Asks: 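Provided herewith is a single structure, encoded as structure tokens, for subsequent inquiry.
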Amino acid sequence: MAAIKVAKTGNEAMAEAMRQINPDVVAAYPITPATEVVQIFSQFVADGAVDTEFIAVESEHSAMSATMGAAAAGSRAMTVTSSQGLALMYEMLYIAAALRLPIVLPEVNRALSAPINIHCDHSDTMGARDAGWIQIFSENSQEAYDNILQAMKISEHPDILLPSMVTTDGFIISHCMETMFFLDDATVKNYVGPYKPHASLLNLAEPHSLGALDLQDYYFEHRMQLAEAMRRAKDRIVEVGLDFGRRFGRSYGLFETYRMEDAEVAMILLGSTAGTTKMVVDVLRREGRKVGLIKLRVFRPFPFAELAREFGRVKAVAVMDRSDGLTSFGGPLFDHVRSTLYDLERRPKTVNYIYGLGGRDITLEDLRSIFVRLQDIAAGGPIDPLITYQGVRA
Amino acid sequence: MAKDTIEKPGWRTLPLGDVLPAGTAHEFKTGDWRSFRPVHDAAKCTNCLICWIYCPDSSVLVEAGSFKGFDLDHCKGCGICAAVCPPKVTAIAMIDEREARKGAQ
Ligand code: SF4
Ligand code: SF4
């Protein structure tokens with residue numbers, strides 16, 4: 001196994017992972033900021049660098065439909081999208097999951113319209129959070145690459161058979177170049193292995209039909225199978241993440257803890273902001289402040305029990321949402337984390353920050369001020385306002 | 001539990017992801033909402049099998065290349081077979097289903 005040191009953007013890293021996976025079918029439609037992944041991959045197809053049948057479709061609804069058709073026919077099928085594209089796939093996302101088609105979807109997080117905006121937030125992915133897809137967030141290009149490879153092993157496992165979306169943050173990761181490592185082609189080929197579909201419409205020896213009408217007497221059982229697969233996916237993700245570490249030296253879990261050992265206050269967030277926050281944590285630690293970070297990697301399945309264990313000693317938590325559920329009660333991560341903490345003996349105070357909508361920058365100073373406020377809350381200070389829109393102009 | 005209750009599989013044993021064996025529609029008798037019934041006149045029929053080609057419900061039965069009858073468990077009474085039977089032949093007539101059932105009793 002050779003590790004190849006490269007300087008790549010998130011989009012290049014995702015396209016390279018797809019080239020090395022060499023899927024049977026890719027059906028995709030371009031959308032900023034994921035366009036490049038499709039463009040680079042279609043160049044691989046044109047150059048004969050992959051064996052993939054590339055289907056240029058007229059919309060993301062068709063992209064996901066064609067990908068599902070290919071997967072149902074027994075092929076390893078992928079597509080790529082972002083934002084409005086993911087929104088246009090909405091109907092199909094639920095069907096892909098329920099038909100147990102293990103599609104892996106590289107997805108670049110971008111705000112949803114309106115107003116139209118091409119920059120990062122997590123509204124698109126959060127809009128698909130209840131569709132039955134595994135959702136894995138990446139902090140940088142390396143993680144995006146590694147996560148796509150692992151998602152194949154998670155989704156295609158016979159005990160799981162759920163589709164996965166692997167996300168990067170639009171422009172922040174997708175278009176920024178950084179140093180990372182690729183595996184060599186043979187290693188990836190061997191790691192991902194040949195695809196054995198659990199059912200294939202092209203298998204004439206065992207003809208079957210897929211997606212039949214399922215009324216009061218069977219629908220519930222099929223949905224229960226999905227719920228159960230999602231529950232099992234948690235163990236599988238951990239298993240695959242550890243195995244990846246043993247093989248290639250980079251281990252992954254459901255989340256990453258950063259200086260949490262003796263942390264009194266903590267932040268929890270998803271994606272690229274973790275990199276900036278780690279730096280702020282280091283600075284504050286040098287000042288003697290006991291602060292820590294939890295970078296949630298897997299939003300679906302949601303690792304509530306595992307997270308609860310990490311928060312046992314913490315006195316105040318800031319839950320950082322890069323999307324707003326417009327619920328009047330904060331963002332989706334806030335809902336989840338607050339509910340996770342409810343059964344703890346010593347429950348930390350929890351506040352929510354909605355930040356970075358439409359690509360609005362979150363600065364070192366923003367993050368620092370949130371940690372400082374958390375320390376104040378830990379010392380008995382007010383938790384009002386419960387929900388803060390960080391950085392919005394009044 | 002009523003005697004005619006079928007033991008239905010639970011989520012642990014139900015085939016995964018709504019995958020079913022092919023051809024199960026055959027076991028589901030859907031011909032009972034028909035209001036017209038096709039009736040075949042073997043004396044007129046030329047066995048051209050145009051009716052067999054056009055029947056949208058595969059309800060024209062053919063054996064050894066000849067018209068054999070209608071599958072009334074699945075025929076919907078749409079009348080396409082009667083309409084496509086060549087005008088010079090008109091070997092299929094559509095009759096009122098209620099009348100046909102009364103006659104059968
Ligand atoms: S279309 Fe008419 S003539 Fe031809 S096979 Fe059918 S019934 Fe007979
Ligand atoms: S009436 Fe319609 S469904 Fe019935 S046999 Fe004729 S064509 Fe088929």
Side-chain angles (χ1 to χ4, degrees), chain A residues 68-69 71-74 77 92-103 131-134 155-163 196-233, chain B residues 1-38 49 51-65 67-81 97:
Chain A
M68 283 166 52
M92 295 302 146
L93 293 176
Y94 282 72
I95 301 173
L99 296 184
R100 311 303 292 276
L101 305 173
I103 295 163
W133 284 61
I134 290 165
S155 281
E156 292 178 358
H157 192 276
D159 289 346
I160 311 298
L161 293 173
L162 289 176
K196 293 183 217 78
H198 87 284
S200 154
L201 288 174
L202 293 184
N203 177 3
L204 300 183
E206 283 172 44
H208 67 272
S209 65
L210 190 63
L213 185 68
D214 219 13
L215 298 179
Q216 296 94 326
D217 49 354
Y218 284 106
Y219 181 86
F220 204 172
E221 280 69 24
H222 276 127
R223 298 307 292 185
M224 180 64 194
Q225 289 181 337
L226 269 178
E228 190 57 21
M230 190 57 91
R231 197 186 59 75
R232 279 195 301 259
Chain B
M1 198 186 276
K3 264 202 190 116
D4 58 354
T5 305
I6 307 165
E7 195 66 49
K8 290 174 184 157
W11 66 266
R12 289 176 199 279
T13 50
L14 198 63
L16 207 60
D18 210 4
V19 170
L20 298 174
T24 50
H26 190 73
E27 288 152 36
F28 190 28
K29 310 272 186 264
T30 48
D32 55 357
W33 66 66
R34 183 175 54 235
S35 39
F36 294 99
R37 175 186 292 204
L49 301 186
C51 55
W52 171 76
I53 292 168
Y54 276 87
C55 172
D57 243 318
S58 308
S59 294
V60 172
L61 304 175
V62 170
E63 206 172 79
F67 182 100
K68 181 167 168 252
F70 295 108
D71 170 6
L72 292 178
D73 284 338
H74 298 95
C75 162
K76 307 293 182 300
C78 67
I80 290 173
C81 52
E97 178 68 18

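Worth saying up front: this structure is predicted, and the values here are computed from it rather than measured. Naming convention: chains lettered A, B, ... in sequence-line order (proteins, then strands); numbering from 1 in each chain.
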Asks: Please check if the number of heavy atoms outside F70(B) that lie under 6.0 Å from its CZ is greater than 12.
Replies: yes
Asks: Non-hydrogen contacts under 4.5 angstrom with chain B: give the residues of residues 222-229 of chain A involved, or none if there are none.
Replies: H222(A), M224(A), Q225(A), E228(A)
Asks: With chain B, which of P207(A), A98(A), S209(A), A72(A) has the greatest number of heavy-atom pairs at distances under 4.5 Å?
Replies: S209(A)
Asks: Report all side-chain donor-acceptor pairs from residues 10-32 of chain B shorter than 3.5 Å, counting only partners two or more places apart or in another chain.
Replies:
| residue | atom | partner | partner atom | Å |
| --- | --- | --- | --- | --- |
| T13(B) | OG1 | G10(B) | O | 3.4 |
| D18(B) | OD2 | A212(A) | N | 3.1 |
| T30(B) | OG1 | K76(B) | NZ | 3.0 |

Asks: Need one label for L161(A): side chain, backbone, both or neither, based on atoms under 4.5 Å from any heavy atom in chain B.
Replies: side chain
Asks: Given that the side chain runs from C-beta out, which part of F220(A) has a heavy atom under 4.5 Å from chain B: side chain, backbone, both or neither?
Replies: neither
Asks: Counting heavy-atom pairs under 4.5 Å to chain B, which of A97(A), G211(A), A199(A) comes out on top?
Replies: G211(A)
